[in-house]
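Computation of the quantities below employed the complete heavy-atom set of this structure, encompassing side-chain atoms and omitting hydrogens, waters and symmetry-equivalent molecules. Just so we're on the same page: letters track the sequence lines, and every chain starts at 1.
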2 protein chains.
Amino acid sequence: MTVRRLDRAGGDPLWKQLQEDLVRRLRSGEFDDAFPGELALVEEYAVSRHTVRQALGQLRTDGLIVAERGRQPRVATAPEIRQPMGALYSLFSSVEESGLPQHSVVRALDLRADGVVAARLDLEGSIPLLYLERLRYAGDEPLALDRVWLPAALAEPLLNADFTHTSLYNELAERTGINLDHGREDIRAMNPSPAERALLHCPDDAAVFSIIRQGTAQNRPVEWRHTIVRGDRFALSAEFSAHTGYRLTSSPNTTALTKAW
Amino acid sequence: MTVRRLDRAGGDPLWKQLQEDLVRRLRSGEFDDAFPGELALVEEYAVSRHTVRQALGQLRTDGLIVAERGRQPRVATAPEIRQPMGALYSLFSSVEESGLPQHSVVRALDLRADGVVAARLDLEGSIPLLYLERLRYAGDEPLALDRVWLPAALAEPLLNADFTHTSLYNELAERTGINLDHGREDIRAMNPSPAERALLHCPDDAAVFSIIRQGTAQNRPVEWRHTIVRGDRFALSAEFSAHTGYRLTSSPNTTALTKAW
DNA sequence: CTACCGTGAATGTACGTACATTTCTCGCAG
DNA sequence: CTGCGAGAAATGTACGTACATTCACGGTAG
């Protein structure tokens, strides 16, 4: 074990140098197997445990590692779960909490090429995509029409999955090991096309949310998704505060799935 | 100075008890003048400076206090600016970035009582409210219809403000010192009433966002707001990632203010 | 009255020590 | 082969010390 030197004269605190070096090594994948323990770092960098803990404390509040008593710190595998993210997640978890049974009717699940969508995924137009179209129900009434395109190269194992009850992200994680870690959503209010309105059993005077979502995993585009949600059955709820920022809530208010307020 | 006792036998760590007690005292306004220094807390709670610093460290990462070398820690004044918060902010800052001039037409600014709204503000029905109704323009076309109710007891100084160009929160902060620090929003997609459609010059086939917002400052309800935004001129944009969570962006894409995508 | 400097006080960094609590491992008994 | 327990190992908590660095205040010289 080589002893690593830190600059004790320069302006930067030791714990900061240590923290930055650990981040660097962590990102390089060096700690994928096991993260070194505190005492190991004490020896390796020749600093006190106090300093090591100060650096690790930063990494922990940044969510990069997790630590518990008695066991070695570990790299935060799947940095998610804490905020499974996004309006779409908010939608289905709020249905879950409402107690309404949800299921999907798969209208299409196949491979096809689509130049326009491929371009949005930063792919060549001729590249095959996996296309999944579902009508999602909450209770006996349709709630949303969901259309997803994924690169076939990544998502082909999903072709024989059953999507009537499981979520796309579950299947994606289980069958391919891919976890979305970044993305963007554009949410619009609009009126559905007559066909969509019929499909969704949408009242004549009701509008819909149109949610376009691009998801990436490790900087590679993974999904392009267009979901249409009945506006008379769903509301986006969010809380914000100076400290926590803006967070979508799972609509603890029951109004989200009713028509009135 | 009374020595405060912490439970050294119970399960909770000393620093956690200390931190919670400090948060309690801070929220009660006890430290509005000056926050006690580390050594003062060491004496007051009879713990080591290490423990005090651990508690203060938490408060600092939570953004409740700020500290610098050589000077005493201070209560974080105006914890905001970093995330001025919410869909409504997102709306108007995206207009700003688009370069379109914005102005408002004040349709009402008066005191009135409204039992329903008062109840939502957790106030008695007969309590007078300040009511402000504006039609907001981006360029030459209306963008949103904005209705706000605030408790007159707090907001009365706003009665003779000019809201054609300045924002409500600016005026509120300048004239009363109140800064919103918490709130919630419910965002719906719907079709406007004929009157609203006419007012907004809203095309026949366009839907609108209906944004209900309750804002609080220091646990006191401050505003109840209902804003209707033309769906053909605005889209909510958000980015999310595992670390930063869900953040509304100021629609860097120009599509937000156009009809097409 | 102003400008400068020195002193004191506060926080930041870094070291050390001790013990508590939890987890993991390994060996042994059944 | 399985199950249990003892012990080792790791992190969490809490104490102490020392010095560096920065800020605030006050006194002094001009």
Protein N or O to nucleotides 9-11 of chain D N or O, pairs below 3.5 Å:
{"unit_1": "D:dT11", "atom_1": "OP1", "unit_2": "A:Glu38", "atom_2": "N", "d": "2.7"}
{"unit_1": "D:dT11", "atom_1": "OP2", "unit_2": "A:Glu38", "atom_2": "N", "d": "3.1"}
{"unit_1": "D:dT11", "atom_1": "O4'", "unit_2": "A:Gly70", "atom_2": "N", "d": "3.4"}
{"unit_1": "D:dT11", "atom_1": "O3'", "unit_2": "A:Glu68", "atom_2": "O", "d": "3.4"}

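For the pair A:Ile187 and B:Ile187, the minimum side-chain heavy-atom distance is 4.5 Å or more. In this structure, A:Leu158 and A:Leu132 have side chains that are not in contact, with every pair of non-hydrogen atoms separated by 4.5 Å or more. Side-chain contact check for B:Leu22 versus B:Tyr45: some heavy-atom pair is nearer than 4.5 Å. Contact annotation: the side chain of B:Leu121 approaches that of B:Leu129 to within less than 4.5 Å [non-hydrogen atoms, C-beta and beyond]. A:Glu174 places none of its side-chain heavy atoms less than 4.5 Å from the side chain of A:Thr166.
Each end of the helix from C:dC1-D:dG30 to C:dG30-D:dC1 yields a helix axis from five base pairs, and these two axes differ in direction by 10° (to the nearest 10 degrees).
Rounded to an integer number of Å, the gap from CD of A:Gln58 to P of C:dG12 is 13 Å. Between the C1' atom of C:dT11 and the CG atom of B:Leu59 lies a distance of 15 Å, rounded to the nearest Å. As rounded to whole Å, 20 Å separates atom P of C:dT23 from atom CZ of A:Phe35. Regarding A:Asp12, its CG atom lies at a distance of 19 Å from the P atom of D:dA20, rounded to whole Å. A straight line from NE2 of B:His50 to C1' of C:dG12 spans 14 Å, rounded to a whole angstrom. Atom-to-atom, CD of A:Gln54 to P of D:dT13 comes out at 15 Å; the value is rounded to the nearest Å.
Considering B:Val66, B:Val23, B:Leu18 in turn, B:Val23 is the only one that fulfils the side chain to side chain contact (heavy atoms under 4.5 Å, CB included) rule with B:Leu59.
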Stepwise side-chain contact (heavy atoms from CB on, under 4.5 Å) test for A:Leu154 and A:Thr176:
CA-CA 7 Å; A:Leu154 300 175; A:Thr176 72; over 6 Å; no
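If you check every strand for non-hydrogen atoms under 4.0 Å, A:Thr51 touches sugar and phosphate atoms only.
B:Arg225 and B:Glu185 are not joined by a salt bridge, as no carboxylate oxygen comes within less than 4.0 angstrom of a charged side-chain nitrogen.
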